[in-house]
Number of protein chains: 4
Amino acid sequence: MLGHLFSSKAMKQVFSDEATLTRWLEVEAALASVQAGYGVMPEEAAVAIHNACSIDLYNLDELGQHIAKASHPLTPVIVAIENNAGEHGQYVHYGATTQDIMDTGMMLQIRDGLDLAIRAQGELVTTCTKQARKWRDLPMAGRTHGQHAVPITLGLKFALWASEANRHVVRLKALRSDLTVQFAGAAGTLATLGGDGARVRAGLARALCLKDPQESWHTTRDPIALIVSQLCISSATCGKIANEVVNLQRTEIGELAEGAAAGTGGSSTMPQKRNPMMAQNIAALARLMAAKPATALEAMMHEHERDMAALTLEWVVVPESFIYAHAALDQTVQLVSHIQVNKQRIAENLRATGGLICSEAVMMDLASDMGRSEAHHVIADIVAETVQSGTGFTDALCAHPQISKLRTREQIEALLEPENYLGEAVEVVDRIVRELEGSGP
Amino acid sequence: MLGHLFSSKAMKQVFSDEATLTRWLEVEAALASVQAGYGVMPEEAAVAIHNACSIDLYNLDELGQHIAKASHPLTPVIVAIENNAGEHGQYVHYGATTQDIMDTGMMLQIRDGLDLAIRAQGELVTTCTKQARKWRDLPMAGRTHGQHAVPITLGLKFALWASEANRHVVRLKALRSDLTVQFAGAAGTLATLGGDGARVRAGLARALCLKDPQESWHTTRDPIALIVSQLCISSATCGKIANEVVNLQRTEIGELAEGAAAGTGGSSTMPQKRNPMMAQNIAALARLMAAKPATALEAMMHEHERDMAALTLEWVVVPESFIYAHAALDQTVQLVSHIQVNKQRIAENLRATGGLICSEAVMMDLASDMGRSEAHHVIADIVAETVQSGTGFTDALCAHPQISKLRTREQIEALLEPENYLGEAVEVVDRIVRELEGSGP
Amino acid sequence: MLGHLFSSKAMKQVFSDEATLTRWLEVEAALASVQAGYGVMPEEAAVAIHNACSIDLYNLDELGQHIAKASHPLTPVIVAIENNAGEHGQYVHYGATTQDIMDTGMMLQIRDGLDLAIRAQGELVTTCTKQARKWRDLPMAGRTHGQHAVPITLGLKFALWASEANRHVVRLKALRSDLTVQFAGAAGTLATLGGDGARVRAGLARALCLKDPQESWHTTRDPIALIVSQLCISSATCGKIANEVVNLQRTEIGELAEGAAAGTGGSSTMPQKRNPMMAQNIAALARLMAAKPATALEAMMHEHERDMAALTLEWVVVPESFIYAHAALDQTVQLVSHIQVNKQRIAENLRATGGLICSEAVMMDLASDMGRSEAHHVIADIVAETVQSGTGFTDALCAHPQISKLRTREQIEALLEPENYLGEAVEVVDRIVRELEGSGP
Amino acid sequence: MLGHLFSSKAMKQVFSDEATLTRWLEVEAALASVQAGYGVMPEEAAVAIHNACSIDLYNLDELGQHIAKASHPLTPVIVAIENNAGEHGQYVHYGATTQDIMDTGMMLQIRDGLDLAIRAQGELVTTCTKQARKWRDLPMAGRTHGQHAVPITLGLKFALWASEANRHVVRLKALRSDLTVQFAGAAGTLATLGGDGARVRAGLARALCLKDPQESWHTTRDPIALIVSQLCISSATCGKIANEVVNLQRTEIGELAEGAAAGTGGSSTMPQKRNPMMAQNIAALARLMAAKPATALEAMMHEHERDMAALTLEWVVVPESFIYAHAALDQTVQLVSHIQVNKQRIAENLRATGGLICSEAVMMDLASDMGRSEAHHVIADIVAETVQSGTGFTDALCAHPQISKLRTREQIEALLEPENYLGEAVEVVDRIVRELEGSGP
């Protein structure tokens with residue numbers, strides 16, 4: 001009932017049982033075809049096996065029962081293909097080991113998974129870039145340690161998200177172009193094929209549009225661990241964005257709000273509630289992902305030439321990582337593109353401290369006359385007094401004997417104007433928008 | 001297709017969508033019934049709600065779609081109950097918050113889950129105890145750092161597993177008896193019920209056979225984290241046992257073997273293979289579990305009075321922990337009860353080092369005459385020489401000038417007899433068997 | 001330079017090199033003494049070994065170099081004791097294996113560590129209880145999903161923390177009373193000691209005030225994993241409390257503030273900043289702890305009769321867990337005891353939504369007349385309208401045709417008074433304070 | 001005392017307090033110098049600050065006490081520099097925020113850390129390549145699921161390690177070339193510097209030989225998470241290699257042994273023991289590393305414009321990751337370069353199953369006549385019979401009615417010769433050696 005929270009339909013389908021079996025059949029068919037090309041088997045056998053590898057011929061439930069009974073993930077599939085291939089059945093799975101088929105099948109699924117992830121990640125870049133351009137110069141309170149620091153613009157926040165998301169696009173694409181076929185035989189030597197091994201592996205790679213690793217990777221799983229790591233890192237970015245929305249939607253802050261169709265985000269008991277349900281869910285997904293690399297790293301520590309105790313971990317961690325990561329990306333795209341911005345609350349909050357948010361501006365300005373350190377002390381004293389007494393910061397600054405000699409009230413008021421203390425915020429937004437616009441999916 | 005590797009049917013059912021909904025309905029029905037008892041609602045309303053809470057009235061797929069659409073996990077369920085309760089619908093979910101129902105429902109599922117876990121854990125105690133008694137005094141090589149150390153008995157290995165498994169039984173039972181109802185309202189004050197809150201919560205606890213926490217635990221999730229931790233610890237024990245079987249089944253060791261019905265554990269390409277498939281799978285399950293506490297601990301860090309970003313983590317980590325842990329326990333029971341013991345290989349391995357495995361025995365015996373430290377040096381020198389030259393250890397000992405003055409060949413041969421150097425192995429087995437027999441499920 | 005953030009002096013000392021060596025010496029001395037009692041060695045030997053086990057005789061740096069050179073953690077220590085014990089050196093470490101000494105030494109350190117943890121945990125109970133009593137009935141906004149929900153009292157927040165912290169005290173004490181001696185010899189059979197093994201182990205347990213496990217726990221590490229788990233769970237509670245302070249100290253909320261001596265929590269550049277530095281640090285500690293159980297669980301999966309690859313993990317995870325957990329507890333005690341409460345901001349925030357925080361109160365009151373569901377709809381509509389139009393909630397309620405027939409303005413105003421909708425908040429505080437006062441350290 | 005197990009001296013030094021402070025001073029000095037270049041401060045100020053940033057002027061212990069007292073990691077350092085810079089002190093830390101200095105300092109340490117890691121990783125490639133060439137064609141048992149599978153060569157094992165290690169070199173170098181300066185001011189806008197911000201940042205990047213990020217990365221920590229991930233992945237490879245040695249050194253296998261200077265790897269009680277202490281330690285290090293990404297991912301989830309609760313995590317996880325990873329790499333280089341190969345045991349094990357290890361060879365050979373599937377059945381039956389009856393595999397094959405018609409005893413004996421069934425093992429070794437030789441550090 002709650003599955004939609006943790007998965008997108010598209011990615012669930014990539015790693016569904018049906019897709020998995022389809023990929024295995026695809027690999028077995030391609031293997032036969034390539035081997036026929038090199039004379040390892042007769043052409044007719046490859047045709048028969050190709051026909052026998054149609055997903056329509058298989059009943060998933062039935063096969064699942066055979067697999068459970070046989071305590072072997074692939075043998076029942078091979079037997080079924082053999083049966084369907086009739087007299088040519090003997091050529092099915094020729095020279096391959098179980099892991100060759102499963103690893104290559106997984107690579108094909110990873111390719112599909114990366115395609116979906118790259119697309120969603122690209123959409124996140126696009127939507128953040130759009131928001132960055134839209135809110136390019138809206139001043140808002142910058143916060144550090146949860147406290148007002150100095151002003152920023154809302155556009156800067158979105159722009160930095162876009163920039164981070166875009167780095168993920170680049171990394172995901174690099175991983176996408178590095179996927180390899182697995183064909184190495186029982187212990188990585190391809191001894192079954194005599195001298196034909198290397199050629200068949202290369203041919204299989206071409207047939208499936210994967211790279212030829214030129215060696216076995218039965219026990220060298222670093223590429224898988226890298227992919228899982230990057231998916232987790234992508235998800236952490238989503239988690240950060242979502243968490244930011246949850247924080248800025250707090251009743252007392254109210255600057256952003258999760259956009260919602262009617263009826264969502266409400267409470268079963270409190271009529272006034274409007275909860276950032278999706279943002280909270282994304283934050284949870286990012287936390288779920290944080291536990292995945294530990295498993296992927298364990299899975300790297302294979303023993304000897306093949307090791308089921310380690311390999312099995314990938315059968316869980318790879319699909320789950322793709323599914324959670326895509327759910328996080330997908331939901332974050334929705335979150336950012338439908339975000340509601342409350343300009344009034346943003347302005348109110350920015351001015352709520354009566355100029356304290358610009359105390360650094362005053363300090364830096366005075367620093368040119370009295371030194372940074374002295375200026376820090378003077379302003380800090382005034383701030384403390386102001387907070388204690390409740391008098392206005394502007395008045396206190398103007399009344400200070402040292403400052404009043406150096407600056408007019410007009411000057412001080414200008415220093416306390418947030419718009420005047422945005423530094424390079426807008427320039428950074430512009431550069432990022434310029435670089436990323438048009439880089440979308 | 002591979003789901004059977006990671007789950008038992010029984011535990012999957014406990015946390016199935018149907019079971020989850022059934023529990024929620026059960027809680028809503030019980031709540032109405034208790035409230036009617038205290039006059040919060042009319043008796044007829046409770047009856048109507050009770051009738052409306054029959055699982056047969058609900059279509060899971062349909063409800064799932066409503067839940068996804070509403071972005072709320074429970075509201076559509078409440079609406080459905082209200083509809084089914086007709087004019088009494090207004091009393092459904094009276095004074096409760098969503099999390100009250102979901103938490104209490106989860107507690108009921110945890111109770112079922114613990115019952116299954118306790119039973120399987122108890123069976124592991126029983127089967128290990130049986131094996132301990134059976135192999136009580138079969139001498140075998142004790143190994144440390146992967147190297148032969150001194151002799152133990154096979155029974156001792158099983159007995160220590162039984163003892164560890166039994167500690168888990170005790171802990172799981174303690175957790176089982178500590179499960180509480182959740183009924184706290186919107187922010188933990190039960191303000192909805194005026195003065196009736198505490199009484200209704202206590203009544204609800206009695207009705208559902210849970211404990212009354214006397215306070216809200218909306219944000220105090222330590223009991224959940226404890227339960228997950230213990231399930232992980234139980235699973236680590238399974239992982240250790242399974243890993244031991246994988247190691248002792250190695251071709252070169254061959255002392256234990258995973259018992260298997262015909263056809264299982266074979267290879268798709270190597271006719272001679274017999275693989276410890278189940279043991280490797282259990283080892284993988286234990287590793288999957290090792291990543292769970294991080295999530296359960298994150299889930300403890302709720303914000304304010306309720307926090308969906310944290311709570312959502314439990315919806316994943318609790319079912320998964322129970323499902324993996326029970327799969328691990330279930331499979332380990334099978335593994336241990338059908339384990340094949342190769343007495344011949346055990347005996348061969350024990351004697352393979354020509355007595356070196358008892359070098360400590362000789363050293364300790366000589367220590368009484370020449371001091372432990374001197375004896376260690378003398379024996380270490382002889383061992384080094386023996387290994388280098390290939391001469392027999394017994395002969396080298398007998399030929400040593402110092403030793404030959406102190407011990408006869410007969411004495412030395414007796415010292416090198418593994419059966420004579422078992423220490424308290426058998427006594428420990430006997431004590432554990434005595435304590436644990438009859439403690440089974 | 002930053003070590004103080006992650007450790008307390010007291011706990012660092014418990015796990016210092018000096019303390020570790022002291023414990024090892026203590027175990028070797030006690031072993032000799034017990035063995036002399038059972039006639040395993042002459043009385044004079046025990047006396048000589050006892051004298052040789054004085055920490056003052058050892059130079060840690062020198063010993064460290066020998067240990068590194070020997071690639072063995074204990075042998076150089078034994079050799080040094082032997083040298084110091086002169087002619088009786090041969091009786092040093094009699095019948096023991098390295099792990100016996102190191103495990104027992106670690107247990108003594110764990111005992112000290114638990115004592116410190118229990119004390120700090122108890123202080124957390126005390127200080128939370130005090131604050132709960134102090135702020136027993138101060139109404140404040142209860143928040144769920146980061147949004148105002150219904151009122152609570154500040155005392156309730158503290159009381160629930162006290163209750164959670166107190167459960168940890170109980171659990172830590174239970175773990176404290178369950179620590180065992182390790183004395184099992186090379187492979188867990190104590191074969192070195194002939195028939196004396198069990199008696200010596202029991203005697204050693206008594207001498208060191210530990211429990212006698214009556215078996216080897218060289219490879220059954222579940223008690224260690226349990227201890228680490230509980231320390232992590234305790235730390236997660238600290239993390240939650242600290243995170244709450246960070247949130248309630250936000251500029252826009254300002255209800256709580258980390259108490260600070262002059263000069264702390266400031267910024268190197270912004271004069272107005274006052275940052276919750278300690279609270280943020282505690283939150284970080286809790287997150288560091290969340291990764292520890294994975295390692296402790298890995299450490300459970302020992303191979304055979306002893307396994308350094310697994311045991312080594314404990315040498316890192318046990319000290320680190322105690323050190324981080326105690327730092328977290330210690331800092332949380334300081335945080336809670338010096339917390340600054342801003343009653344004005346609490347009152348302002350509570351009323352900031354113009355009564356919306358009590359919309360549930362109105363709904364439940366009306367529910368008795370129009371049903372819960374209908375009341376929810378009516379109030380939700382009014383809330384939506386209010387938020388949109390900016391008119392007051394009270395006025396909107398009074399103006400509503402249905403409501404105006406059922407309730408007077410006076411009644412509505414009373415319903416919107418937070419003090420009137422605190423449910424059982426104060427009763428829960430009172431019960432918890434009553435139970436926990438006097439339970440301190 | 002046990003620190004050498006978990007760290008190398010070189011990497012410990014990179015992240016020592018002294019190195020950290022040195023880096024901070026270096027950054028402050030460079031900042032002043034760059035700012036003088038752009039007229040932000042007078043030349044004399046930059047000179048004075050440069051002189052004041054000499055590490056010799058600082059007492060680490062004293063500074064540490066100030067830091068602890070101030071509850072601020074950097075302010076006491078700035079004050080100390082100011083004091084040392086005399087009248088020019090006001091220009092110290094001009095326009096920077098604490099995190100600018102600490103982040104940039106960390107980047108410089110990361111650069112040093114990566115240099116060390118790249119060197120050690122490169123040495124691992126070199127040493128594995130050398131071993132691959134040396135043992136290029138030594139046949140040994142290939143193992144899958146812990147069971148003999150088909151023959152490989154020892155060189156292949158080393159070659160695949162070299163190939164994996166080399167991928168890490170490439171990745172580490174890519175990370176090395178991507179390190180950026182941090183200079184962004186209080187909230188990422190560099191408002192303190194008016195229009196000079198971007199130029200100063202670019203200048204600072206050039207001065208420190210880091211990249212200019214052109215934006216703030218105060219809260220975008222994905223590069224850090226990536227670096228930690230890769231260090232963990234590198235360590236997992238070490239763990240795999242080490243674990244392989246532990247396994248192949250088992251008493252019953254005895255094919256490899258950790259090379260050791262006299263006296264190491266022994267037991268405190270068993271004179272015959274020779275333990276793979278270093279290999280076990282590396283395995284432990286790899287497991288410790290597996291828990292690190294969870295923390296690095298948490299650290300990515302910064303709030304707002306800076307967030308100490310997240311940043312603090314990096315101060316622990318970054319140094320620890322480098323220190324553990326380098327210890328693992330360093331020890332693995334030693335392990336592989338001094339590995340002892342027991343050719344006799346390798347040959348004995350290879351032949352221990354009387355040809356069963358080549359049953360696939362026979363099957364594939366017969367497959368050309370009777371089909372793969374039929375051949376699998378026939379051979380599987382003979383294997384089962386052989387194992388049960390104890391008769392020789394060769395004899396059983398020769399005696400089989402179907403096989404005897406198709407193959408002579410000579411042919412069968414040739415098929416069972418491991419040297420004849422090595423597939424592309426040697427070719428793969430040659431290719432990898434060719435590619436990687438000369439790629440060393």
Side-chain angles (χ1 to χ4, degrees), chain B residues 82 89-91 94 142-145 149-150 152 160 163-164 167 185-192 197-198 214-215 220 222 225-226 229 232-233 236-237 239-240 243 247 286 290-291 293-294 297-298 300-306 308 360 364 367 371-374 421-425 428 431, chain C residues 82 89-91 94 142-145 149-150 152 160 163-164 167 185-192 197-198 214-215 220 222 225-226 229 232-233 236-237 239-240 243 247 286 290-291 293-294 297-298 300-306 308 360 364 367 371-374 421-425 428 431:
Chain B
E82 285 173 358
Q90 52 164 308
Y91 291 110
Y94 201 85
R143 293 167 176 95
T144 63
H145 311 267
V150 298
I152 60 166
L160 292 177
S163 184
E164 182 169 345
R167 287 194 293 275
T189 64
L190 271 179
T192 41
Q214 299 186 265
E215 64 196 48
T220 57
D222 49 303
L226 266 181
S229 297
C232 294
I233 292 174
T237 301
K240 180 179 67 173
N243 194 39
N247 277 325
L297 289 164
E298 274 296 331
M300 278 185 66
M301 290 185 254
H302 275 59
E303 285 187 1
H304 305 311
E305 279 58 66
R306 279 191 293 117
M308 192 66 97
E360 189 194 61
M364 290 305 287
R372 199 193 68 88
S373 186
E374 171 67 9
Y421 199 64
L422 292 171
E424 60 167 12
V428 169
R431 183 190 55 75
Chain C
E82 284 173 359
Q90 53 164 303
Y91 290 111
Y94 202 84
R143 295 168 175 94
T144 64
H145 310 267
V150 297
I152 60 167
L160 292 176
S163 185
E164 180 168 347
R167 289 195 292 275
T189 64
L190 270 181
T192 41
Q214 298 185 265
E215 63 196 49
T220 56
D222 49 303
L226 266 182
S229 297
C232 294
I233 291 174
T237 301
K240 180 179 66 172
N243 194 40
N247 278 325
L297 289 164
E298 274 296 331
M300 279 186 66
M301 290 185 253
H302 275 59
E303 286 187 0
H304 305 311
E305 279 59 65
R306 280 190 295 118
M308 191 67 97
E360 189 194 61
M364 289 305 287
R372 201 192 67 87
S373 188
E374 172 67 8
Y421 200 62
L422 293 171
E424 60 167 13
V428 169
R431 183 190 55 74

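Every chain is numbered from 1, with letters handed out A, B, ... down the list of sequences. What you see below is based on every heavy atom in this structure, not just the backbone, and it leaves out hydrogens, waters and symmetry mates.
Chain B forms the most heavy-atom pairs under 4.5 Å with one residue out of G142(C), A294(C), A236(C), and that residue is A236(C). The candidate with the highest count of non-hydrogen atom pairs below 4.5 Å against chain B, out of H304(C), H302(C), M308(C), is H304(C). Between chain B and the residues L190(C), D222(C), L160(C), the most heavy-atom pairs under 4.5 angstrom are made by D222(C). For the options A225(C), A286(C), A291(C), A191(C), heavy-atom pairs under 4.5 Å to chain B are most numerous at A191(C). Taking chain B as the reference chain and counting heavy-atom pairs below 4.5 Å, the highest number among N247(C), V428(C), L422(C), T192(C) is found for T192(C). Most heavy-atom pairs under 4.5 Å with chain C, from the set A425(B), G423(B), C232(B), P293(B): that is G423(B). No other option in E374(C), Q214(C), H145(C) has as many heavy-atom pairs under 4.5 Å with chain B as Q214(C).
R431(B) has a carboxylate O that lies under 4.0 Å from a charged side-chain N of E215(C), or vice versa, which qualifies the two as a salt bridge. Using a cutoff of 4.0 Å between basic side-chain nitrogens and carboxylate oxygens, K240(C) and E303(B) are not scored as salt-bridged.
What you find for T144(C) and A186(B) is that their closest heavy atoms are CG2-O, 3.5 Å. Taking every heavy atom of both residues into account, L297(B) and A290(C) meet most closely at CD1-CA, 3.6 Å.
Side-chain contact check for I233(B) versus M300(C): some heavy-atom pair is nearer than 4.5 Å.
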Verify side-chain contact (heavy atoms from CB on, under 4.5 Å) between S163(C) and T220(B), making sure each step is shown before the conclusion. CA-CA 9 Å; S163(C) 185; T220(B) 57; over 6 Å; no
Before you tell me yes or no, could you show the steps for R372(B) and Y94(C) under side-chain contact (heavy atoms from CB on, under 4.5 Å), namely the whole-Å CA-CA distance, both residues' side-chain angles and the distance that decides it to 0.1 Å? CA-CA 7 Å; R372(B) 199 193 68 88; Y94(C) 202 84; 4.2 Å; yes
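Defined by atom type and a distance below 3.5 Å, a donor-acceptor pair is present between the side-chain atoms of E82(B) and S373(C).
A distance of 8.5 Å separates CG in N243(C) from CE in M301(B), rounded to the nearest 0.5 Å.
For the pair E305(B) (side chain) and R143(C) (backbone), a donor-acceptor distance under 3.5 Å is present.
The contact between R167(C) and chain B is made entirely by side chain atoms (from C-beta outward), counting heavy-atom distances below 4.5 Å.
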